[in-house]
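Below: one structure, written as structure tokens.
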Number of protein chains: 2
Amino acid sequence: MPRVMTERADAVLALAGVFRTYGYGGASLAAISQHTGLGKGSLYNFFPGGKEEMAEAVLEQVAIWFQDEVYRPLRSPDRPGPERITAMIETVEWYFTSRQLVCLFGAFALGQERERFAVRIRGYFTDWIAALQAAFPEGIEDAGQLATDLVATIQGALVLARALDDPDVLKGTIERAYVVLADRLAH
Amino acid sequence: MPRVMTERADAVLALAGVFRTYGYGGASLAAISQHTGLGKGSLYNFFPGGKEEMAEAVLEQVAIWFQDEVYRPLRSPDRPGPERITAMIETVEWYFTSRQLVCLFGAFALGQERERFAVRIRGYFTDWIAALQAAFPEGIEDAGQLATDLVATIQGALVLARALDDPDVLKGTIERAYVVLADRLAH
DNA sequence: GTCTATACAGTGATAGAC
DNA sequence: GTCTATCACTGTATAGAC
């Protein structure tokens, strides 16, 4: 049983890479089978719901990762707010840079698969924005807007970094957005 | 001859809507035929290169529109720089709001069709960023970065507006980004 | 120039041998 | 539990009647 769980988890990791590379629609079962090293039979054994369940599992895995590595640290009172925000920025820079500059939720939000995964997509962004506000000082006006703006800029930086094929655009744009935000939070 | 050109142009407009709705991969020829009202024979008469040529024609049409309505006004010395920037913002807000909150170049940049249209995608964004800088006062340091940041924020606002299904996110985020930029430009 | 019919590859998904 | 063979279907693209 744990063996199976592990193998399924391994498959989910491989699936995430396939979806990042080919997109949801472009990830054919043939490509999935090839990149995961699993035959279609095995894939349907792990994911009886087919490709949609595979993508669901991937999105869930990514969401859990963000909960653990991004949202919870943002909410943790152990460190000062600004430190939590800079830590988040470093984390997501590393995360997306090491994952082909693709945010699966952002990509799915712009693709034809948007409606199918609408709930998860919405949750990913609302959770992120809410967690970010938790790292703000108290009494900030328009905290929701400021948090929204930073998350939006991160997503836009990913779009532009992909369009221009330049990872530096991601890093630079995000870090400048942080400076703007920190300035606003400090009044 | 002009008749044909007009009908092809009409087809391109309809095609743009189909690609916005279904994405590139999701836009089947059946759907295209249905939404354009043209049979496959007619479509291949207009676009011998098939779907790829259809998408090329759409991207070209959008690029020309942006050249005329966005980039050139940004460069026009007739009006003061800040006015040109606010005009651009109003234009693109209207444009994307009336087009399902989809920027085809941004969507293509995140999809599996990115490489196929890489040149056009890159040109769209570099032209936009360059034109925006032309509306800045002279001697601004990091003008390229500031312009990149605004374009990135617009794209990110589109991602978030789609993900949250809320057009107000587009409007609000863009307008706040303008305030930040104007403040930086004024020193 | 536009349509219908069709070719043929590739899709997601399933069945059954092992 | 994993594979191979195969299913029905849809995809793009083409051919040919009109």
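In what follows, chains carry the letters A, B, and so on, assigned in the order in which the sequence lines appear, proteins first and then strands, with residues in each chain numbered from 1.
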Margin query: Would you compute the distance between atom CD of B:Gln155 and atom CD1 of B:Ile174 and round it to the nearest 0.5 angstrom?
Written below: 9.0 Å
Margin query: For a 4.5 angstrom cut-off between non-hydrogen side-chain atoms, does B:Gln112 reach B:Tyr24?
Written below: no
Checklist line | Between CG on residue A:Leu160 and OG1 on residue B:Thr153, distance to nearest 0.5 Å | finding: 9.5 Å
Using residues 61-71 of chain B as the side-chain source, report each donor-acceptor pair under 3.5 Å to any protein atom, sequence neighbours left out, with the distance given to one decimal.
residue, atom, partner, partner atom, Å
B:Gln67, NE2, B:Asp127, OD2, 3.1
B:Asp68, OD1, B:Arg72, NH2, 2.9
B:Tyr71, OH, B:Tyr124, O, 3.0

Checklist line | Below 4.0 Å: OP1/OP2 of C:dT11 and any side-chain N or O of A:Ser28 | finding: yes
Margin query: Rounded to whole Å, please give me the gap between CZ in B:Arg8 and C1' in C:dT2.
Written below: 17 Å
Next item on the list: To the nearest Å, give me how far apart CD (B:Glu113) and P (D:dG11) are.
Entry: 16 Å
Margin query: Let me confirm one number: the CG-CG distance from A:Leu158 to A:Leu101, rounded to the nearest 0.5 Å.
Written below: 6.5 Å
Next item on the list: Scan residues 14-22 of chain A against DNA chain C and write down, sorted by residue number, each residue with any heavy atom closer than 4.0 Å; if none is found, say none.
Entry: none
Please tabulate, for the side chains in residues 177-187 of chain A, all donor-acceptor contacts under 3.5 angstrom to protein atoms that are two or more places apart in sequence or on a different chain.
none

Margin query: Output the rounded distance in Å from CG (A:Asn45) to C1' (C:dA17).
Written below: 16 Å
Next item on the list: Give me the ring orientation class for B:His35 and B:Tyr22: parallel if the planes are under 30° apart, tilted from 30 to 60°, perpendicular past 60°.
Entry: perpendicular
Item checked: Rounded distance in Å - CG (B:Leu43) to P (D:dT12) -> 11 Å
For residues 75-87 of chain B, run the donor-acceptor check on the side chains, cut-off 3.5 Å, and write out each pair with its distance to 0.1 Å, sequence neighbours left out.
residue, atom, partner, partner atom, Å
B:Ser76, OG, B:Asp78, N, 3.2
B:Ser76, OG, B:Asp78, OD2, 3.4
B:Arg79, NH1, B:Glu83, OE2, 3.4
B:Arg84, NE, B:Ser76, O, 3.0
B:Arg84, NE, B:Arg79, O, 2.8
B:Arg84, NH1, B:Leu74, O, 2.8
B:Arg84, NH1, B:Ser76, O, 3.3
B:Arg84, NH2, B:Arg79, O, 3.3
B:Thr86, OG1, B:Pro82, O, 3.2
B:Thr86, OG1, B:Glu83, O, 2.9

Notebook entry, point to check: In residues 29-41 of chain B, which ones come under 4.0 Å of DNA chain D, going by heavy atoms?
Noted result: B:Leu29, B:Lys40
Checklist line | d(OH, B:Tyr44; P, D:dA13) in whole Å | finding: 3 Å
Next item on the list: Please determine if a side-chain N or O atom of B:Ser42 lies less than 4.0 Å away from the OP1 or OP2 oxygen of C:dG1.
Entry: no
Next item on the list: Please state how far atom CZ in B:Phe46 lies from atom P in C:dG1, giving the value in whole angstrom units.
Entry: 8 Å
Notebook entry, point to check: For B:Arg122, which residues count as a side chain to side chain contact (heavy atoms under 4.5 Å, CB included) partner, sequence neighbours excluded?
Noted result: A:Leu164, A:Asp165, B:Thr126
